[in-house]
Number of protein chains: 2
Amino acid sequence: MDFLWQERVEGRRGPKPALTLDAIADVAIVVADAEGLAAVSMQRVAADLGYTKMALYRYLPGKSELVAVMLERGLGVPPELPPGDWRAALTLWAESLISAFVAHPWALEASAGSRPVGPRELGWMEAALSRLPDGLTGAERMDAVAVVAGHVRSIVVQPGESGMLAALTEHAARFPAISAALADIAVRGGHDQAFRFGLERILDGLERLVTQRKQASVKDSRSG
Amino acid sequence: MDFLWQERVEGRRGPKPALTLDAIADVAIVVADAEGLAAVSMQRVAADLGYTKMALYRYLPGKSELVAVMLERGLGVPPELPPGDWRAALTLWAESLISAFVAHPWALEASAGSRPVGPRELGWMEAALSRLPDGLTGAERMDAVAVVAGHVRSIVVQPGESGMLAALTEHAARFPAISAALADIAVRGGHDQAFRFGLERILDGLERLVTQRKQASVKDSRSG
DNA sequence: AAATAACTGAGTCCAATGGAAACAGTTTTG
DNA sequence: CAAAACTGTTTCCATTGGACTCAGTTATTT
């Protein structure tokens, strides 16, 4: 987890390092973008760099750390969110996040499970948190961001439709509700529709909570 | 994808198979539950069964198919949803799904990405779809279920808090919003709180949409 | 009943993986 | 200058998923 936060100390003994952590990660990202995360092996990355596999271990403890660095660089820095409407800000945030995931599909797999967190990832979290409306507890704020981020993830994963369609052609009768719904889906615009729909439901739900609380607190101050 | 839907044909020549697909998957599930999906190898599963690795390939084309079968069995059958309130039904559905994921944490990893879909997985989808309120298009119904399922997934993933806390102890100043929110989290009840919060926001958002449309259609029929 | 064809599980072999350990060469520090 | 620290390379290993072969078993066919 150190290497995610701390850059290399200068002025050490021995030969100058020929590589940098970032250069390694960038090559790995190129591989992952083109051929998937599975194609990223120490050997492959080292070969693409023109070095031997074990040279990388001078920069990284192991492969999982390489993936962590890839993720940090792949995510990029969070976008500048315009001031004003919190819904617009969160929408832009979610759109940017989904763009990052679409550009680097492996990032989804890489960001699953418990793992060390880097500064950029925290930057994304910070950006969203700071633009949430008032009237939520700290825990609720974390949860709210988690819901939006979870929605983005689930959109990118998209396990279903293609595999579902294949399975349904033979067993449509057993799953009438799916069949009926899918008949409608063929004529719409892919991911984006689903993304918008879910995001707006979530923001609506959030908005309802905060306005509800705002009204309650007004009533409170009036009566007390 | 065949083996997910079709059981073995009886009355074949040759020796009786010593194993069954389900028995193999069950052993693999035990391994995955105890030591994670990474510990599931053909060798390991075969050894636990008392057979050689290559024997398994008589039942499965490859490892990815084993994981697919594991997922089908691990998910189990969807719960019976009580009639009536659609919010209660969807809540129970989401709770059951999260229980399955908590019981089999590897199922999350296994269900990521595009993959063949089995009957039980479709059964879950069908169950949720059939209990959604009226007033949604087919595409929207799919999206609505996807949002809820995505929320469940994101709750189970829970990338953050532990790793985040570790990182924040040293860099709290750089991320004030996270620090403030996390200070609140220490005193609450883990996953469940986040799950409830997000689910209720989503259901609120859905409810708003359908009631909105119901009102619009009433007004419509009055004026036209 | 006998022959055949299909099937079984075991055994051997392979390329690729992540990683450990020891290596010779290079540069800074004492 | 010598020693210490660091570099990238080389050699080695266990484990992985999987292709292929082989002897043995059994249901179907003749």
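Predicted, not measured: the structure shown is a model, and the values here were computed from it. Residue numbers start from 1 in every chain, and the chains themselves are labelled A, B, ... in the order their sequence lines are given, proteins ahead of strands.
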Take nucleotides 17-27 of chain C nucleotide by nucleotide from the 5' end and write B, S or -, depending on whether a protein heavy atom sits under 4.0 Å from the base, only from the sugar-phosphate, or from neither. BBBBBB--BBB
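Considering every non-hydrogen atom in both A/V31 and A/A39, the closest pair reads CG1-O, 3.7 Å.
Within the structure, every pair that satisfies the salt bridge (Lys or Arg N to Asp or Glu O under 4.0 Å) test and touches residues 27-36 of chain B, not counting sequence neighbours, is listed here: B/E35-B/R44. The side chain to side chain donor-acceptor pair (under 3.5 Å) analysis of residues 69-82 of chain B, with sequence neighbours excluded, yields the pairs B/D22-B/R73, B/D26-B/R73.
With the end axes of the helix from C/dA1-D/dT30 to C/dG30-D/dC1 each set by five pairs, the angle from one to the other reads 10° at 10° resolution.
Salt-bridge annotation for A/R115 and A/E65: absent, with no side-chain N of the basic residue lying under 4.0 Å from a carboxylate O of the acidic one. Remark: B/E126 does not engage B/R120 in a salt bridge, criterion side-chain N to carboxylate O under 4.0 Å.
Rounding to the nearest 0.5 angstrom, the gap separating the CG atom in B/D143 from the CG atom in A/L199 is 12.0 Å.
Annotation: salt bridge (Lys or Arg N to Asp or Glu O under 4.0 Å) contacts of A/R87 (sequence neighbours excluded): A/D204, A/E207.
Side-chain N or O atoms of A/Y59 include none that pairs as donor or acceptor with a backbone N or O of A/I24 at under 3.5 Å. For A/W93 (side chain) and A/A149 (main-chain N/O), no donor-acceptor pair under 3.5 Å exists by modelled atom type.
Using cut-offs of 30° and 60° on the angle between ring planes, the pair B/H171 and A/W5 is parallel.
Among the protein residues, A/A55 comes within range of the nucleic acid bases, having at least one heavy atom under 4.0 Å from a base atom.
DNA chain D lies under 4.0 Å from no heavy atom of any residue of residues 29-37 of chain B.
The side chain of A/Y59 contributes no N or O atom lying less than 4.0 Å from OP1 or OP2 of D/dT7.
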